[in-house]
Structure formats: structure tokens, C-alpha cells
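Remarks on the structure that follows.
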Amino acid sequence: MLKQFQTLAVQTMNSSHSSDPNPEHDMRVHSSEQPFVPADKQRRWLVEYSMPIGYAVLFILLSFTVENFFSTTNIIGLMLSVAQIGMVACTMMLCLASRDFDLSVGSTIAFAGVLGAIILEQTHSVALTVIGGLLAGALIGAGNGVLIAYLRVNALIATLATMLMVRGLAFIVSHGQAVGIANEDFISFGDTRLLGLPLPILVTAACFVVFGVLLNHTVFGRNTLAIGGNPEAARLAGVKVERLRVWIFLLQGLITAMAGLILASRITSGQPNAAQGFELDVISACVLGGVSLQGGKARIFGVLIGVLIMGTLENVMNLMDVDAFYQYLMRGLILLIAVLLDQLKTTAHRI
Amino acid sequence: MLKQFQTLAVQTMNSSHSSDPNPEHDMRVHSSEQPFVPADKQRRWLVEYSMPIGYAVLFILLSFTVENFFSTTNIIGLMLSVAQIGMVACTMMLCLASRDFDLSVGSTIAFAGVLGAIILEQTHSVALTVIGGLLAGALIGAGNGVLIAYLRVNALIATLATMLMVRGLAFIVSHGQAVGIANEDFISFGDTRLLGLPLPILVTAACFVVFGVLLNHTVFGRNTLAIGGNPEAARLAGVKVERLRVWIFLLQGLITAMAGLILASRITSGQPNAAQGFELDVISACVLGGVSLQGGKARIFGVLIGVLIMGTLENVMNLMDVDAFYQYLMRGLILLIAVLLDQLKTTAHRI
Amino acid sequence: MTAYLQFDQVSKHFSGVRALAGVSFDAHAGTVHGLLGENGAGKSTLLKILGGQYRPDGGRLLVNSVPCQFNSAADAIRAGIAVIHQELQYVPELTVTENILMGRFPARFGLIDRNKARRMVLQRLSEIGVDLDPDARLSHLSIAQRQMVEICKAVMQNAQIIAFDEPTSSLSYTESEILFRLVRELRSTGHTLIYISHRLEELYSLCDACTIFRDGRKIVTHPVMAQVPRETLIHDMVGRELSDIYGYRPRPLGAQRLQVRGLRGKNDPTGCNFSVRGAEIVGFFGLVGAGRSELMRLLYGADRRLAGSVLLDGVPVPANSPPAAIEAGILLCPEDRKEQGILAQASVAENINISCRRHDLRVGFFLRRNKEAARADFFIDRLRIKTPNRDQEIRFLSGGNQQKVILARWLAESTMKVLILDEPTRGIDVGAKNEIYRIIQEVAEQGCCVIVVSSELPEVLGIADRVLVMRNKEISGVLDRSEATETAVLNLALAA
Amino acid sequence: AEPQKPGEPIKIGFLVKQAEEPWFQDEWRFAEQAAREKGFTLIKIGTPNGEKMMAAIDNLAAQKAQGFVICAPDVKLGVAIERAAMRNSLKVMAVDDQLIDASGKPVTSIPYMGISGGDIGRQVGQGLISAMKERGWQPSEVGALRMAFDQLPTARERTMGAAEVLKAAGVPSANIIDASQGKSDTESAFNAANIAFTKQAHFKHWLVFGMNDEAVLGAVRAAESHGLKSDSLIGIGIGGSKTAQNEFAKPMITGFYGTVLISPKRHGYETALNMYKWIVDNQQPVAVTLTAGTLMTRVNQAAVRAANGL
Ligand SMILES: Nc1ncnc2c1ncn2[C@@H]1O[C@H](COP(=O)(O)OP(=O)(O)OP(=O)(O)O)[C@@H](O)[C@H]1O
Ligand SMILES: Nc1ncnc2c1ncn2[C@@H]1O[C@H](COP(=O)(O)OP(=O)(O)OP(=O)(O)O)[C@@H](O)[C@H]1O
Ligand SMILES: O[C@@H]1[C@@H](O)[C@@H](O)CO[C@H]1O
Ligand SMILES: [Mg+2]
Ligand SMILES: [Mg+2]
């Protein structure tokens with residue numbers, strides 16, 4: 001039906017730009033009558049890119065003022081320190097964008113690491129280890145998704161429950177002990193370098209690219225934003241809301257498990273009490289990057305900046321030998337300043 | 001002034017579509033046509049009170065099956081164990097009802113305790129201690145409120161920032177060490193009994209009464225729900241949204257500081273790393289009690305039940321000597337079961 | 001006589017959009033002043049300035065010859081101004097009483113006097129002639145009932161100036177009548193009333209004076225509206241002539257395509273039966289709560305089906321799943337654009353493409369940006385959606401333009417067999433209505449079944465081949481186009 | 001205290017601050033052994049903070065226990081524990097960490113068996129110094145990395161104890177570098193150490209110490225990514241946990257040189273037994289029993305573990 005809309009659309013495109021006598025032409029009320037003044041365009045651009053620009057300025061400033069900051073070793077160290085947060089932030093972004101919430105990621109990291117280490121110990125097969133770890137993560141994620149999407153359990157409570165249960169499992173399977181990893185192939189993953197960059201950093205970068213494309217250029221991403229913005233409207237528009245939510249959580253579990261395996265390889269053991277409080281770090285990075293907790297809004301670039309800000313903060317404080325107690329204070333303060341600056345921008349935008 | 005409308009309306013109906021001789025009939029398009037059958041009323045009642053009923057059933061069950069559960073000592077111990085969570089849950093309920101969020105309560109508890117202990121050490125005055133502690137809490141709360149309401153910082157980030165800063169302050173003022181309390185008057189507050197009940201329990205009970213009345217019978221409470229349900233609508237109706245939000249946070253800070261002082265008196269010291277993770281417990285109790293994270297929905301009775309469920313859970317597991325690792329698993333599982341049951345009810349209600 | 005309310009050179013810009021450009025006019029006490037204009041002409045913006053929600057960039061506002069500057073809605077309320085906004089502003093989880101008295105509860109020492117509050121509201125509701133349970137939560141009411149609550153809320157502010165922004169767009173016949181009585185009563189007691197609507201009939205019957213807007217500018221103020229011919233008004237509003245806005249063209253009807261048998265949901269006592277032929281446009285009329293929207297949602301699978309079946313071309317349509325209904329070729333444009341329609345933070349293009357993009361994806365997964373852009377531009381053009389560009393967030397569009405975007409979402413579907421439009425022209429200007437009716441006919445001409453649910457009687461009569469009337473969750477009658485007169489339809493809608 | 005009435009079952013609580021820590025799992029295991037031998041019931045509860053600890057003591061009273069052994073979440077909780085025990089007429093004994101009162105003096109009414117954080121730290125320091133001397137490194141040329149987690153008082157005591165010994169042995173104060181861990185896990189240690197190694201690239205030889213094995217492990221991994229292998233780094237942890245054993249089990253020698261093993265057997269088994277005797281025979285335990293740690297390395301691990309009954 002109405003197939004001519006497509007053709008019509010093309011015709012309109014062509015005709016309206018030539019000077020045709022088509023009476024419909026005058027009806028185009030929009031662009032012609034409300035021109036954007038250049039100043040306004042510039043401001044919008046500035047507003048749009050204020051976060052990356054802000055971070056760039058900060059980075060340059062720090063490079064000049066903080067000793068040892070701008071060195072290959074340090075920058076690589078910085079990136080390594082946020083590699084896990086970065087990976088998981090990619091999927092957490094999707095999760096938050098769809099108006100959900102996931103507190104279970106920290107436990108999943110620990111569990112995947114412990115499980116991987118145990119499988120490796122038993123089978124000596126890297127392939128089985130990776131498959132086993134990822135599968136466990138995907139299952140945990142899918143479980144969260146089913147609870148939340150189909151059984152309609154509140155996301156906070158559901159993932160808090162899985163957080164507890166998965167942590168418990170991590171302790172139980174490992175008897176509370178770190179599980180050592182001796183397999184060189186597996187360990188080498190954590191410190192092999194490609195093009196001068198350690199693999200974990202490259203994996204994180206790949207995550208940002210993949211999930212950036214997923215968010216912006218696929219139905220999956222667009223529908224994720226839609227169900228976050230207005231679930232009822234999305235459902236009526238034919239989005240399979242429940243299924244999509246399960247997929248989002250499944251992906252989250254998968255990527256988190258990958259992060260857990262990478263962490264295990266880096267620290268050459270599966271630690272059942274690893275990554276406690278990790279979930280708040282990840283969520284903060286996302287929110288700092290402009291992802292809305294009310295759903296419907298997400299920018300991969302923002303998340304990247306959010307993650308980098310978190311990492312840089314920690315890095316610089318340690319470089320500057322800030323006292324542990326004052327580090328709390330500073331972290332809070334800087335977090336505040338970052339969002340306040342960001343806030344100024346949106347306020348400017350709004351009025 | 002408009003009294004004649006009823007009759008006017010009736011006239012219109014008659015004149016324009018004259019076939020009906022019964023004037024009243026036409027106008028009452030709704031209620032008369034959707035009568036509540038008694039069965040429905042009963043079901044609604046059941047649905048309404050399913051949580052307390054469920055808890056009562058659980059309680060009786062446990063009394064018969066778990067040794068030592070139903071004894072004065074144990075019940076008092078149980079209530080004492082949730083006294084702090086209970087107090088803070090009252091104000092957290094308001095906070096969540098207004099669509100906000102507060103992660104800083106754990107740190108505030110610690111800070112108020114440490115500060116109180118220091119003041120006591122210096123001045124030996126209980127009055128100054130209490131005033132100082134409460135003032136600090138109120139200030140922290142008000143600070144959160146101003147950040148969130150006036151500077152429009154995201155509540156998660158803002159309170160995460162204060163959580164870090166206040167924790168830092170607690171470490172800084174105490175040099176990271178617990179501050180001992182030797183003052184008998186202050187300490188005795190924690191274990192004095194009135195009518196057989198320790199004071200902290202009575203204070204918590206008072207909080208539930210006061211905040212129950214506040215929520216349900218005052219303009220403050222109703223406006224809180226209004227700004228949570230639809231802030232824009234509340235503002236357009238003349239509610240001073242910003243001021244109200246600051247007040248809510250201020251109250252939250254105040255009550256939290258009180259909880260911190262009471263805790264300090266119970267454990268005879270101000271501990272800078274006390275109450276870590278406390279915020280999640282409190283929020284969980286609220287959500288378990290049916291408070292919506294999307295704002296606009298709150299029930300004091302539900303919160304009470306939520307708090308009791310959390311406490312009973314812990315208590316029973318310890319009575320039954322459940323292994324620490326399995327406690328994680330059980331806590332998660334039971335949390336899930338609790339919300340799932342609650343969920344069944346709302347689904348039944350909806351369909 | 002000086003005017004009670006004066007607008008003097010009021011202007012307002014939003015980033016990149018000029019919503020109002022130096023608008024001046026006067027409204028007098030004891031009159032109803034109508035505001036007319038295309039979607040996006042700036043009418044609501046003016047009322048938001050009046051209500052203290054926006055501050056004007058330039059110009060001023062005088063009440064009783066005193067210049068006023070409002071910094072908040074509270075200021076405007078204090079100055080005796082009540083505004084009923086186009087986008088309803090209620091709190092879903094609170095009761096009727098609480099919503100109506102929000103911001104002004106009767107209280108002693110902060111303690112609410114519940115009984116007094118309830119009594120006050122009940123009394124006012126019955127004075128106005130609205131039968132509503134004061135303890136019902138708003139989330140349990142239909143939109144029309146919510147709208148009546150909003151009206152009652154404004155009236156209870158005891159304001160001198162009351163402004164209505166398209167109050168009838170979600171009311172059906174009975175409530176509209178009640179509202180008209182109320183407006184006339186308020187006029188007779190000396191209030192200054194501003195009234196926005198896209199329905200010319202009601203403007204003619206209510207308004208004393210009127211002002212016409214176009215593109216943020218005032219075109220003209222007519223001190224006596226009754227003397228201005230309809231054609232002149234339309235021309236001033238849309239900048240062109242429109243003779244017959246329905247443009248009904250009879251067409252040959254096809255075989256029966258859609259059959260609904262005993263369809264029953266939670267609230268229905270009995271099931272509904274009806275069928276629609278190919279190429280047929282069926283209009284559904286009924287009073288508020290007659291159950292039209294509910295029936296359509298059942299048909300579409302948006303609500304739980306308790307009994308009955310839906311057959312399309314003889315094939316059963318799966319229950320309880322909108323995606324399955326869409327797959328089968330059934331589409332529903334919902335009635336509540338704010339709750340069920342718009343993705344507020346997404347762009348206009350995104351809102352248009354969300355559903356139909358599944359037909360032209362690359363590798364089944366990736367979007368085709370230029371195709372989507374072309375489609376968005378096509379509809380922006382054809383429905384004359386007023387937006388700076390297709391990337392504008394939809395929440396910044398005027399109400400009517402949002403409605404057009406949501407309609408475009410469904411009109412863009414290329415595989416539809418049954419198109420259900422629930423209150424499609426709610427808040428839409430005459431020019432665009434005309435365009436929408438033309439598209440509806442086009443769709444029907446291609447053999448689709450079209451169902452139009454509407455509370456605007458002339459619209460139902462104007463475009464439908466057949467009118468189904470609902471009353472008390474049942475279909476109370478079926479009228480062919482030739483039999484469907486205003487009286488006949490209303491009799492079926494109201495009769496016992 | 002009145003002697004135990006015959007016929008009533010004996011129940012003894014064993015409360016520890018961090019149930020997830022392997023150390024406490026071991027301690028519990030050995031306490032269970034005592035329970036089996038003597039036929040009493042052991043009630044194990046994890047009490048991560050003061051609030052939970054108070055609840056746990058009330059809980060013990062509800063279960064009609066007669067006494068409990070505790071490693072408190074904070075040593076300043078001494079008075080609170082004393083009062084709670086008295087209120088519920090429970091006997092109490094401290095293990096691992098000695099309880100103190102508001103003025104910082106040990107709570108004498110509560111018998112104690114355990115280690116001194118400072119002493120264990122000093123033992124680590126001595127281990128580092130002797131290993132350093134063996135390799136012929138000059139004290140003035142080594143960097144000494146203190147993995148700091150000063151939020152935790154015992155962690156501070158331990159690392160400060162080690163630092164003290166290093167200074168006394170001639171390591172300049174300026175060479176003692178702090179790396180602050182945000183959390184007490186391996187990854188945080190890794191990140192903190194990474195920065196320190198970046199900043200202090202001029203040191204060719206390193207000594208590493210921290211509050212536990214996990215902290216030192218994180219630093220060792222970070223060192224490796226800076227090219228600092230076992231020949232240029234000596235790390236000694238505390239605990240002798242599985243984390244350390246895993247390192248020793250690796251075919252290649254790593255920078256994780258050793259760990260100071262403390263005996264969970266003595267702490268778990270003996271305290272439980274002492275409590276039992278106190279309840280049954282009214283035989284009050286000695287006020288203070290200090291246990292020492294043993295330096296365990298790749299070489300002597302089997303012998304040390306066997307000697308500790310592990
Ligand atoms: N917050 C905003 N940001 C940007 N543009 C806005 C905003 N609010 C309104 N506009 C624009 O201002 C113009 C006037 O909008 P307004 O809502 O006043 O129109 P209207 O006359 O009420 O239309 P309708 O009949 O559709 O309700 C529109 O082009 C709209 O897109
Ligand atoms: N969420 C809900 N909960 C309870 N009752 C509802 C709900 N939604 C609608 N109703 C009731 O169902 C009845 C039918 O509403 P429906 O929307 O189908 O009627 P309608 O004919 O479309 O009229 P209109 O849309 O003009 O209100 C209404 O009386 C309304 O009170
Ligand atoms: O916390 C420590 C624990 O890790 C173990 O080392 C024994 O002593 C305790 O103080
Ligand atoms: Mg409008
Ligand atoms: Mg309807």
C-alpha cells in the first residue's frame with residue numbers, strides 16, 4: 001500500500017529544490033522562514049562538543065602542569081586502568097538508555113574471572129575457558145533481562161538480587177579463595193601489545209566502535225532509545241520491547257564477562273572479591289557522559305569522555321601524591337565540577 | 001456562582017437528544033456503568049494489604065519453624081538491627097517519592113558519628129554533640145538539595161559526589177581512626193530501655209509515625225508526591241518545587257545524622273568507615289516496600305514492611321547459621337521472591 | 001473601555017525558532033477572545049507567557065492596565081490568571097481531589113483537611129456538571145476525564161483571566177457541551193476568557209472577538225467574530241482557500257476484509273462484533289468512555305483479549321501483541337500522543353521512521369539514513385509540519401505538529417491492510433486536516449480498511465462511508481453515510 | 001560469672017569482620033574442628049561493620065549462646081562489645097586484633113589471642129632487607145613501594161611497621177613511595193602501583209610490601225608491565241593465602257618473593273577451645289597471647305605450611 005510515498009518522496013525532494021510552480025512549495029513553512037543565524041549555529045556546535053573540548057583542554061593543561069602525566073607509559077597506564085570500566089560502560093549505556101539499571105556487573109566480573117580460572121585449571125583449554133566465561137555472563141545477563149522484562153521486577157531490585165547471588169556463587173565455586181592461572185597463552189592476552197597498545201585497550205576501543213555503530217546506525221540501537229524514551233509508544237509502534245530488553249541485558253552480561261576474563265588474565269588469577277563497587281563507577285561514567293537515567297538519551301562519545309574523566313582523575317591524583325583521605329574529597333569535588341559545567345551548557349541550551 | 005450548571009447540563013442533554021426521559025441518566029456516563037462488584041472490592045483489599053499479610057504469614061511461619069526466632073530477645077534484637085535503616089528509610093521514601101535519589105546517607109551516618117564523637121571528646125557536652133551532629137547532617141542534606149534542585153545536577157552524580165566528599169571528611173577529621181566515646185550519658189542512650197524497648201527502636205517507631213503523617217496528611221507530603229509524579233504540573237500549580245526539594249534533602253540529612261549519632265552511641269565510637277553500602281540497603285527497603293524509583297508513589301506502611309523483611313532475612317539466616325557464602329545467595333533469592341510476589345499482585349491488579 | 005488583558009509587542013524566540021514576533025491585542029472583561037492559527041503559529045507559546053511559564057524576549061503584558069512580569073507560574077496564579085494547557089499537566093498517581101487542589105490545599109498548620117477538600121471538589125464538580133469520583137486516581141481515568149479535571153482545577157483558582165488551550169481536543173460531545181456552558185457562565189460573570197481551538201464551529205458559537213496568528217505574527221483581530229465569514233478566517237489562517245475540507249469521494253467498496261467477532265477485554269460486559277470491507281472508511285463515534293479506544297487497543301493487541309477473534313482476509317490475527325498485529329498489516333495510531341505516541345527526546349525524523357523503517361533496512365540491521373531522511377522530509381512537507389529541520393527533538397514542536405508527526409509514522413507504512421486512527425486530527429489545524437482527509441481517502445482507495453475513531457461529529461460524518469456508534473462498551477448502532485445525520489448518531493450515542 | 005548449668009547445650013559464637021577473606025574461612029574451619037572434638041555448637045557470623053556486629057551479638061543471645069570469640073571490624077569497638085556481652089551475659093574473647101577503649105588502652109576484661117599489626121609488618125620489613133642483602137642491592141638505591149590502604153587502621157599499622165624497619169636498615173625516607181589503593185583488591189593495587197612505577201622510573205630495584213597478598217600481587221603484575229621482573233623486584237605479602245600459593249606454583253619465578261604466614265589454626269582452634277574451657281570449667285583464658293608469623297617463600301612453603309597444620 002501507499003508505495004508511492006517512497007517515489008513521491010523522491011519526487012518532492014527533486015522538485016522542491018528546483019524552482020517549480022508546484023503550489024505545495026509555498027507551504028514549506030520551515031527552514032526558509034526561520035533561518036539559523038550563524039552565531040546560533042556556532043553556539044550549538046560548541047554546546048554539542050563542549051564535553052570533548054573540555055576534556056581536551058583539561059588534558060593539555062594537565063600535560064603541562066603535572067609531571068609525568070604526558071608520557072606514553074602513563075597514558076597507556078591510564079587507559080589500562082579504565083579498560084574494564086570502558087567495556088562495560090558501552091553496554092551499560094544501552095541499559096540506561098532503555099531506562100534500565102544494572103547493579104550486577106561487578107559480581108559478574110568476579111564470577112566470570114573465577115569461573116574462567118577454574119575451567120582453565122581443569123581443562124587447560126583457553127577456548128573452553130573463554131566460552132565458559134562468556135556463556136556464564138550471557139546467562140546472568142539474560143536472567144536479569146527475563147526478570148525485568150517479562151516478570152516485570154524492578155530493575156534495581158532484580159539486579160541487586162543477582163549482584164548478591166552471583167557474588168555468592170563466585171565465593172562458593174572458589175571456596176572464597178583466589179584461583180590461580182598458570183596458562184601462559186591466557187596470561188599473555190593481558191600484556192601482549194599490538195601497535196604499541198596492550199590488547200585490553202584495543203578491545204575497549206573496539207567496544208566503543210561496535211557499540212557506537214550499534215547505537216546510532218542500527219534498529220537495535222534506535223529501538224533501545226525508543227523503549228527508554230517511551231516504552232508504551234515503542235510497544236505500540238511495533239517494537240518487541242520485552243525481547244529487546246532481554247537482548248540488552250544479555251549483551252551486558254556477555255561484555256561484562258569478557259571484561260572479567262581480561263581482568264583475570266591481567267592479574268593472573270580469578271579473584272572472587274574483585275570489582276566490588278564497580279557498578280557505581282560504570283554508571284557514574286555513563287551519567288557523566290550525558291546518558292540520562294530517565295532513559296531515551298545516550299551518546300557513545302559522551303560515555304568515552306565520562307570514562308576518561310574518571311580515569312584521568314584517579315591517575316592525576318596518584319601522580320600528584322594526593323593523600324588517600326583527600327582523594328575522596330577531590331574525587332567528589334571534581335565529579336561535581338564536571339557535571340556542573342555540563343549542566344551550565346544544557347541550561348544555556350534550554351533558555 | 002455556578003450552581004445552576006447541573007441543571008443546565010441536564011437541560012442540554014434533554015433538549016439536544018430528547019429521547020431519554022431520565023435526565024440524570026445521560027450525564028453519568030461513568031461510575032454507574034462501572035460498578036465495583038464486591039468480589040472486586042475484596043480483591044482490591046487483598047491486593048492493597050498483600051504485603052503486610054504476606055509478612056505476617058512469613059512471621060508466623062518462622063516463629064514455628066526457626067528455633068529461638070519468636071522470643072523477646074530475638075525480636076528486640078531484630079528491630080534493633082534495622083533501627084538505623086528504618087529511620088533513614090522514612091526520609092529516603094520522601095526523597096524517592098519526589099523522583100530523587102540519595103547515595104550519600106551512608107557517609108553522612110559515618111561523618112555525623114565521627115563528628116559527634118570528636119565534639120564529645122573535646123567538650124564533654126552531650127547537647128553540643130547532638131546539635132553539632134544534626135547541624136552537620138542538615139547542612140549536607142541542604143547542600144545536596146541545592147545542587148539538585150537549583151543547580152540541576154543529576155541526583156545520582158550529586159549525591160555520589162557528596163558521598164565521596166563526606167566520607168573523605170569523616171576520614172580527614174578522624175585521621176582515619178575510630179574516635180572512642182567514653183561519656184556514659186551519651187552511651188547509655190543506645191541501651192536505655194523504655195517500656196521494655198531500647199530507645200533506638202522507639203525513635204525509629206516515632207519516625208515512622210511522624211513521616212507517615214507527613215506523607216499522607218500534610219501539604220508537604222502531597223506536594224512531594226506531586227513533584228515526583230509530574231514536576232512540571234506541580235510547578236504550574238504553584239508548588240515551589242525547588243524549595244520543597246531542598247527541604248526534603250535537608251530532612252534526610254537531619255534524620256541520617258540522628259541515625260549516625262545513635263549508631264555511635266550504640267557502638268561507643270565514631271567510625272569513619274561505618275555504614276558503607278548502607279545507601280543501597282535503605283533504597284532496597286524502600287523499593288521493596290513499593291516506593292517507585294520513577295517518583296510519585298510511596299507508602300509508609302510498605303516501607304516499614306520492606307525494612308522488616310530486610311531485617312528478618314538477615315536475622316533468620318544468622319539464627320539458622322547459614323554459611324556466609326550462601327547468605328549472599330539466599331539474600332538475593334529472597335529479595336527476588338519478595339518482589340516477584342509483590343509483582344504478581346500488581347500484575348493481577350493491572351490486567 | 002480599556003481592555004482587562006493587553007498583550008503589547010510580545011515576542012519569543014527559541015534557539016533558531018521565532019515563535020512570536022511582536023504580537024499585540026486586547027481582551028476585554030466579560031468576553032471570550034478566540035485565538036486561531038495554523039499549528040505552530042504561536043498560540044500556546046502566548047498562553048505559556050501569560051501563565052508565567054515562559055518569559056517573553058520582548059514586549060509586555062498588562063492586566064487591568066498594570067504591566068506584569070511573571071517569573072513563575074505561581075506569580076501568574078497570584079495575579080489572577082489560570083491557564084488550561086494544551087498538554088495536560090496532571091499527576092497520574094494522585095487523586096482527582098489532590099490534582100484539583102494541588103498548590104492550594106485547605107490546611108491547618110500544614111495538616112490537610114481531607115474532608116473539606118473532598119467536599120469542596122465534589123461540590124464544584126457537581127456545579128460544573130461533571131460526574132467524577134473525587135478519590136479516583138488520574139491514571140485510572142480516560143483522557144477526557146483528565147481534561148475535565150484540568151478544567152475544574154483552573155476554575156477553582158478563582159482567577160479573573162482564564163485561558164483555554166484547545167480544551168475540546170480530547171473531549172467528546174457531552175463534556176464539550178458542559179464546557180461550553182461553563183465558558184458562557186464565566187463570561188456572564190465578568191471573567192476575561194481566552195479560547196484556543198481548531199474547531200471553527202465551536203469558535204463561532206463561543207467567541208465574541210478573535211485574533212488570528214500566522215508564523216508568530218498577528219494577522220488580524222476581529223472585534224466581532226460573528227460577522228467574519230468562515231472563508232476569510234480560513235484564508236487568514238492558512239494563507240489559501242479551502243472549500244470542502246473533507247473532500248469526500250465515493251469509491252467502490254471491496255469484499256469484507258476485517259471481521260471482529262465477540263472481541264472482549266477486561267472492562268467489557270459483552271463482546272463486540274463488526275466487520276469492515278476493503279476500501280471502506282468506517283467512523284466510530286461515541287461519548288466519553290464509550291469504549292472505542294479500548295476496542296481498538298484490543299483489536300491491535302495492545303490490551304489483553306479475554307475472548308473473541310479478529311480475522312483479516314479470513315486469517316486470524318494473533319492476540320496480545322502489537323508487533324504481530326503490525327506484521328499482519330493492522331496499524332493503530334493511538335489517541336494519547338503524549339503517553340502513547342511521541343518519543344519526546346527523539347528527533348522528528350526518528351519519530352516518523354521508528355516503525356516503518358523495518359521495510360528498508362540494509363542487511364536487515366543497519367539503517368538507511370538517506371532513505372529515512374527523504375521520508376521524513378516528504379511528510380514534513382506534505383503535512384506541513386512546522387519544524388526547523390527533521391533533526392529537531394519532537395518535544396519542541398507545537399502540539400498539533402507533534403500530532404502530525406505521529407500520524408506520519410503510520411501513514412508512512414507501506415504494508416498496511418487495516419489502518420486505525422484514534423482521534424487522528426486532535427489539535428490539528430484546518431489546512432492540515434484537509435491534507436489528512438485526502439491521505440485517508442488515498443489509503444482507502446488502495447483497498448485498505450480504514451477505521452477512524454473521533455469525537456468530532458462533523459468529522460465522522462464528513463469522511464466515513466459508514467458510522468458505528470458505541471455506547472457503554474457496546475456497538476449501539478450502525479449507520480450508512482446516507483442515514484448518518486447528527487441527530488441519528490447522537491441518539492444512538494445517548495439513548496438508553 | 002556463674003558456672004555452666006549441666007544439660008544445656010553449649011553454643012559458642014565466632015564473629016569475624018570479613019567472612020569473605022580466606023583467612024577467616026580458615027580460622028572458622030579450625031574452630032569447627034575444636035567444636036567437633038568437644039561437642040559444642042559453633043555459630044559463625046560475618047560482621048563487616050559495627051552495626052552488623054551489634055546485631056550479631058544480640059542474635060547470639062537469642063540463640064542462648066554462652067560466649068563468643070570475635071575479630072571486630074574495628075578495634076575501637078572494644079567498649080561496645082564489652083557492654084553488649086555484659087548485657088547479654090556472654091563471655092567474650094578477642095582474636096587477631098586486640099580491642100581497645102576510647103582512650104586507646106587495651107580492654108583488659110577481654111582476653112586476646114592474635115598478632116600485632118606492627119610486628120607482622122616489621123617481620124615483612126626484615127624479610128625484605130635480608131632478601132635485598134642477599135642480592136647485594138644498596139639500600140640507598142632501591143625504591144620501596146608501600147601499597148597504602150590507610151582507610152583501614154590495621155593495614156596502616158602493618159605497612160608502617162615494615163617501612164620502619166626499612167628506614168632503620170638504611171633505606172632513605174625519600175625512597176619509600178606510597179601507592180594509594182582505592183579499594184583493597186588486586187586491580188586497584190595494580191593501577192596504583194602502575195602510576196608509582198611510571199613516576200619513579202629511575203629506580204632499578206624495588207622492594208614491595210602491602211597489607212595483604214593481594215596488594216603485593218597487584219604491584220608485582222604492574223611491575224612486570226614496566227619490565228621489572230623477579231630479578232629486580234622483591235615483594236613480600238602478608239597472610240599466606242591462596243593468592244600467594246598460586247604465585248609459588250607458577251613454573252617461572254615471579255617478583256612475588258614471599259609472604260608472612262600467620263597461623264589460622266592457632267587462632268581458630270585455640271580460641272574456640274579456650275572459650276569452651278572458660279564456659280565449662282570456668283577457666284579464664286590468659287589475658288594476652290601473641291602469635292608470630294613465619295616468612296614463607298617459594299622454597300620453604302611446603303615445610304612452613306605443614307608446620308602450621310595446613
Ligand atoms: N521549547 C521550545 N523550543 C523550541 N521551539 C519551540 C518550543 N516551544 C515552541 N516552539 C516552537 O514555537 C512555535 C510555536 O509553537 P506553539 O506551541 O505556540 O504553536 P501553536 O500555535 O500552539 O500550535 P498548535 O496549534 O499546534 O498547538 C512552533 O514552531 C514550535 O515548534
Ligand atoms: N487505565 C484505565 N484504568 C481504569 N479504567 C480505564 C482506564 N482507561 C480507560 N478506562 C475506562 O474505560 C472506559 C472506556 O475508555 P475509552 O478510552 O475506551 O473510551 P472512548 O470511547 O475512547 O472515549 P474517550 O477516549 O473519549 O474517553 C472509560 O470510562 C475509562 O474510565
Ligand atoms: O584483617 C586481618 C586479616 O586479613 C588477617 O590477616 C588476620 O588479621 C586481621 O586483622
Ligand atoms: Mg498549541
Ligand atoms: Mg478514546
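Because only heavy atoms are used, hydrogens play no part in the values below, and waters and symmetry mates are left out as well, while side chains stay in. Since the structure is predicted, the reported quantities are computational estimates derived from the model, not experimental observations. So you know, we letter chains A, B, ... as the sequences are listed, proteins then strands, and number each from 1.
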Chi angles and distances behind the side-chain contact (heavy atoms from CB on, under 4.5 Å) call for Val105(A), Gln252(A): CA-CA 8 Å; Val105(A) 286; Gln252(A) 168 104 302; 3.8 Å; yes

Verdict with reasoning, Glu242(B) to Arg235(B), per salt bridge (charged side-chain N to carboxylate O under 4.0 Å, His left out): CA-CA 9 Å; Glu242(B) 282 77 23; Arg235(B) 175 168 320 173; 3.4 Å; yes

From CA spacing to verdict: side-chain contact (heavy atoms from CB on, under 4.5 Å), Asp100(A), Ile248(A): CA-CA 10 Å; Asp100(A) 273 324; Ile248(A) 294 170; over 6 Å; no

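The greatest number of non-hydrogen atom pairs below 4.5 Å with chain A, out of Thr162(B), Val166(B), Leu147(B), Ile283(B), is found for Leu147(B). When Leu103(A), Ile157(A), Leu293(A) are compared by the number of non-hydrogen pairs under 4.5 Å with chain B, Ile157(A) comes out ahead. If you tally non-hydrogen atom pairs under 4.5 Å between each of Leu288(B), Leu329(B), Leu333(B) and chain A, the highest count goes to Leu329(B). Contact count versus chain B (heavy atoms, under 4.5 Å) is highest, among Leu156(A), Val153(A), Ile172(A), for Ile172(A). When each of Ala170(B), Pro272(B), Ala158(B), Gly176(B) is checked for heavy-atom pairs under 4.5 Å with chain A, Gly176(B) comes out on top. Listed options Ser284(A), Ala155(A), Ala338(A), Ser107(A) were ranked by heavy-atom pairs under 4.5 angstrom with chain B; first place goes to Ser284(A).
Of the inter-residue distances, the one linking Arg167(A) atom CZ with Ile109(A) atom CD1 reads 9.5 Å to the nearest 0.5 angstrom. Atom CZ of residue Phe101(B) and atom CG of residue Asn154(B) lie 9.5 Å apart, to the nearest 0.5 angstrom. The line from OG1 of Thr256(B) to CG of Asp102(B) is 7.0 Å long, rounded to the nearest 0.5 Å.
Taking non-hydrogen atoms and a 4.5 Å limit, the residue list of residues 306-327 of chain A in contact with chain B, ordered by number, reads Phe325(A), Tyr326(A).
Ser269(B) contributes no side-chain N or O that, together with a main-chain N or O of Gln271(B), makes up a donor-acceptor pair within less than 3.5 Å. No donor-acceptor pair closer than 3.5 Å links the side chain of Glu279(A) to the backbone N or O of Ser104(A).
Contacts between Ile334(A) and chain B at a heavy-atom distance below 4.5 Å are absent for every atom of the residue.
Across all their heavy atoms, Val303(B) and Ala89(B) have their closest contact at CG1-CB, 3.7 Å.
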